[in-house]
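Beneath this line is the structure, given in structure tokens, with notes to follow.
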There are 2 protein chains.
Amino acid sequence: MKKAEATRLMILQKAFELIYVKGYQTTSIDDIIATTKVTKGAFYYHFKSKDEMGLAIINEILKPTLTNSFIEPLQTEENPLDAIYNLMDNLLMKNDFLKVEYGCPASNFTQEMTPWNSEFNKALNVLTQEWTKAITATIERGKKSDTIRKDVNAKQVTIFVMSGYWGIRNLGKLENSKKVYVSYLKQLKIYLDSLK
Amino acid sequence: MKKAEATRLMILQKAFELIYVKGYQTTSIDDIIATTKVTKGAFYYHFKSKDEMGLAIINEILKPTLTNSFIEPLQTEENPLDAIYNLMDNLLMKNDFLKVEYGCPASNFTQEMTPWNSEFNKALNVLTQEWTKAITATIERGKKSDTIRKDVNAKQVTIFVMSGYWGIRNLGKLENSKKVYVSYLKQLKIYLDSLK
DNA sequence: TCAGAAACATACTAAATAGTATTTTTTGTA
DNA sequence: TACAAAAAATACTATTTAGTATGTTTCTGA
């Protein structure tokens, strides 16, 4: 990797951290250049605006994370229902990229930017669609292998499961405790079992 | 109601509208005084800071709405499971205080303010606790009247249902369509039926 | 009716903000 | 090694922001 590329990526990573913790609006360019120890000239050499950087965070930081942590695990696990449950269990209880007190980055972004920036909206929609596709495919796989009932509506279940995940992240953030995650996971298990 | 009180309430209502649409950070005091046609002097006569106003919105606008639209309906409906389902159906599909493109006000607030303002956090937690209590009570009522199985964990189910609601609001906001609400509601029904 | 307080209006300020113009340094390569 | 382009540093600007200081008007009760 060229040095310039490394700088760019470093800015994105640290900026993401800041934004994940503090929110997009409340993170200023000055905050970012202070923690990255990069000058304003360097920052604006790599990004022509704050919003362009925001989009780059979605596409170059969140997207790979989605692929690695939200989609791949679904494909490696044999049993589809276990795959979904274990994914959630890992994301909520074990993953240490995501912190309970800061919620879900994609969800935070959605809440904060969707009202006023359609570019962010589009980029976030792409992420969501990709995750949706992966979960739906997993359920369809289960239907084929007879571990999930044929009458189960894969898309509906996906939406139901996804919304639960986003919501519980929000609730965990509010209460600043993983306790709600445990309750959520128990009921998720019961719900998933009902699809057998 | 005294005239001054009316002014205060009018500011809160219009400010809430603005914040619900644009977000808290991106709504400036100048925005608020422009749309309320109240001068800065008047604004700061009623609220000593923007954050105090934000808290007042939670306590004086959101709280009554919670009581009227999120809690009361649970208590008037006879059958507990129907009560919960109908509540969600009403909130998502019929209520016109809440708009799909702007998501859930409480959820928006949580996402945006929780990271940096513990006062907001506390106030929002109170709202959530109240709703939690109401849903849990409804489920317990169902267990007593034998419309819900005795082995159902009321608190867990409450958390599961609530997280689904928050999440689907977020998803609806992202996709700007009530279509996801329909899918969510269908699976919610199936899930609730499994508690019988 | 009039004094004093409540309610509102006007004009400002200091700080923060995103972004720019210009210069300097670093780097790859002919 | 020279030199052009890439990368980064510096110093600035215009605007927006929350908030204040100091009025003026309106109301209310003795």
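Worth knowing before you read on, the calculation uses all heavy atoms, side chains too, and leaves out hydrogens, waters and symmetry mates. The sequence lines fix the lettering, A, B, ..., with proteins before strands; numbering per chain opens at 1.
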What residues form a ring pair (Phe, Tyr, Trp, His ring centres under 6.0 Å) with Phe43(B), not counting sequence neighbours? Phe47(B)

Could you work out, with ring pair (Phe, Tyr, Trp, His ring centres under 6.0 Å) as the rule, every residue matching Tyr44(B), not counting sequence neighbours? none

With respect to the phosphate group of [N], does any side-chain polar atom (N or O) of [X] fall under 4.0 Å of OP1 or OP2?
{"X": "Tyr45(B)", "N": "dA7(C)", "result": "yes"}
{"X": "His46(B)", "N": "dC8(C)", "result": "yes"}
{"X": "Thr7(B)", "N": "dA7(C)", "result": "no"}

Across all chains, not counting sequence neighbours, the side chain to side chain donor-acceptor pair (under 3.5 Å) partners of Gln187(B) are Gln156(A), Tyr191(A)

Rounded interatomic separation in angstrom, taking [atom1] from [X] and [atom2] from [N]:
{"X": "Phe43(A)", "N": "dT10(D)", "atom1": "CZ", "atom2": "C1'", "answer": "17 Å"}
{"X": "Arg8(B)", "N": "dC8(C)", "atom1": "CZ", "atom2": "P", "answer": "12 Å"}
{"X": "Met10(A)", "N": "dA7(D)", "atom1": "CE", "atom2": "P", "answer": "14 Å"}

With sequence neighbours excluded, what pairs up with Lys155(A) under the salt bridge (Lys or Arg N to Asp or Glu O under 4.0 Å) test? none

Suppose the criterion is ring pair (Phe, Tyr, Trp, His ring centres under 6.0 Å): which pairs have a residue in residues 88-110 of chain A, not counting sequence neighbours? Phe16(A)-Phe97(A), Tyr20(A)-Tyr102(A)

One character per nucleotide, please: for nucleotides 10-30 of chain C, 5' to 3', B when the base has a protein heavy atom closer than 4.0 Å, S when only the sugar-phosphate does, - otherwise. B------SBBB----------

Would you call Glu130(A) and Lys133(A) a salt bridge, taking side-chain N to carboxylate O under 4.0 Å as the test? no

